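Below is one structure; the comments refer to it alone.
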Amino acid sequence: MPPYDPSAFPPFAVTVDLVVLTVRKHALCALAVRRGEPPFQGRWALPGGFVRADEDLEAAAARELAEETGLHAHCPAGPPPPYGAHLEQLATYGDPKRDPRMRVVSVAHLVLAPDLPAPTAGGDAHSARWAPVETLLEQDGGLGREGEQSAPLAFDHARILADGVERARSKIEYSSLATAFCPQEFTVGELRRVYEAVWGVALDPRNFHRKVTGTPGFLVPTGGTTTRQGGRPAQLFRAGGATLLNPPMLRPEV
């Protein structure tokens, strides 16, 4: 057999793109960065970048997350640090024409984080901001200033964002991942508002309280209370040890 010749194959690059979701002002929001370099200079996009030769995909995703947003990923098995983010692989996108520079395959990652302050732009990002996912997924992009025509998300990022949102919506049905949107200690009402924001529906408070407190391993009382939501003191909980919910929290049909 002839020796292996790498030059006989067309070169291509690998990138990571990040669907970073959080709940802000009772709305599911995604992180968008305005590109500071071509291609699509000045357009909004998902944060991400090229994978370096000496790093694996998860390390590249965590590095890009920190460089472009100032957020830090944590291992799903461990407790989240302050302003930490849950990170998991989402899907791979390899359309030959998805990047005008060259053949680029992107491995997208889903990032879930509690309500966070304004992100810090870095890398090749000119600026960064949170925006409601429904706004980002509108056909015109929806991020232009008043009177300014806005453009769709760069590359195929609208498709990647839509896939990430649907992953989050389906995954909180059968897993405890909804708590990744909450601070380390939270009330049942705050958790309910996460489900309402992610699913885009209104839930009955009493039925929701009964379901989540009756699901083994989902929530653990901390012994504390809070009045940060106003009204009577509400009991505080933290995420339990369960990763899968039995029975699941099924989405209401809309």
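For clarity, every value in this text was computed on a predicted model and none was experimentally measured.
- In summary, of the residues considered (K97, R103, R101), a salt bridge (charged side-chain N to carboxylate O under 4.0 Å, His left out) with D99 occurs for R101 alone.
- Taking CG from N207 and CZ from R192, the interatomic distance works out to 11.0 Å, rounded to the nearest 0.5 Å.
- Distance NE2/H109 to CD/E58: 6.5 Å, rounded to 0.5 Å.
- Within a 6.0 Å radius of CZ in R228, more than 12 heavy atoms belonging to other residues, nucleotides or ligands are found.
- Atoms OG1 and NE2, on T179 and H86 in that order, are 9.5 Å from each other to the nearest 0.5 Å.
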Would Y93 and D163 satisfy side chain to side chain contact (heavy atoms under 4.5 Å, CB included), going step by step from the backbone distance to the final call?
-> CA-CA 11 Å; Y93 301 84; D163 290 347; 2.7 Å; yes
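- Heavy atoms only, all atoms of each residue included: A154 and R43 are closest at CA-NH2, 4.0 Å.
- Hydrophobic clustering of Ile, Leu, Val, Met, Phe, Trp and Tyr side chains at less than 4.5 Å, counting indirect connections, keeps L110 apart from V107.
- Under the 3.5 Å distance criterion, the side-chain polar atoms of R238 are left unmatched by any main-chain donor or acceptor of E185.
- For the pair R35 (side chain) and P39 (backbone), a donor-acceptor distance under 3.5 Å is present.
- A salt bridge links E166 with R251: the distance from a Lys NZ or Arg NE/NH1/NH2 to an Asp or Glu carboxylate oxygen falls below 4.0 Å.
- Taking each heavy atom of H157 and A45 in turn, the nearest pair found is ND1-CB, 3.5 Å.
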Would F155 and T15 count as a side chain to side chain contact (heavy atoms under 4.5 Å, CB included) if you check the C-alpha gap in whole Å, the side-chain angles of each, and the deciding distance to 0.1 Å?
-> CA-CA 12 Å; F155 304 103; T15 62; over 6 Å; no
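- Ring pair W199/Y195 is perpendicular by interplanar angle, where above 60° counts as perpendicular and below 30° as parallel.
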I would like to know whether F40 and L153 meet side chain to side chain contact (heavy atoms under 4.5 Å, CB included); could you show each step before the answer?
-> CA-CA 9 Å; F40 305 109; L153 291 174; over 6 Å; no
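- Checking side-chain atoms of E64 against main-chain N and O of P47 turns up no donor-acceptor pair under 3.5 Å.
- Residues L46 and L31 share a closest heavy-atom pair of CD2-O, 4.0 Å.
- A donor-acceptor pair is defined here as one N or O able to donate and one able to accept, closer than 3.5 Å; no such pair exists between the side chain of D156 and the backbone of R159.
- The same ILVMFWY cluster, assembled from side-chain heavy atoms under 4.5 Å apart, contains both V23 and L203.
- Side-chain heavy atoms closer than 4.5 Å link hydrophobic residues (I, L, V, M, F, W, Y) into clusters, and following such links, even through other members, never connects V51 to V104.
- The CZ atom of F218 lies 11.5 Å from the OG1 atom of T243; values are rounded to the nearest 0.5 Å.
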Go through the steps to decide whether L112 and R167 satisfy the test side chain to side chain contact (heavy atoms under 4.5 Å, CB included), and finish with yes or no.
-> CA-CA 11 Å; L112 306 180; R167 166 75 69 86; over 6 Å; no
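- Taken to the nearest 0.5 Å, the CD atom of E134 stands 10.5 Å off from the SG atom of C29.
- The side-chain contact (heavy atoms from CB on, under 4.5 Å) test with V111 singles out one residue from L65, L90, T22, L21, and that residue is L65.
- Annotation for I172 and L245: closest pair O-CD1, 4.3 Å, computed over non-hydrogen atoms.
- Listed here is the closest heavy atom pair of R98 and D17: NH2-OD2, 3.5 Å.
- In this structure, the side chains of Q184 and T222 stay at 4.5 Å or more apart for every pair of heavy atoms.
- Here E67 pairs with R52 in a salt bridge; the nearest charged N to carboxylate O distance falls below 4.0 Å.
- Tracing side-chain contacts under 4.5 Å through hydrophobic residues (I, L, V, M, F, W, Y), one reaches F186 starting from V188; they form part of the same cluster.
- Tracing side-chain contacts under 4.5 Å through hydrophobic residues (I, L, V, M, F, W, Y), one never reaches L87 starting from V14; they form parts of separate clusters.
- Nearest heavy atom pair, residue L219 against residue F237, reads CB-CD2, 3.8 Å.
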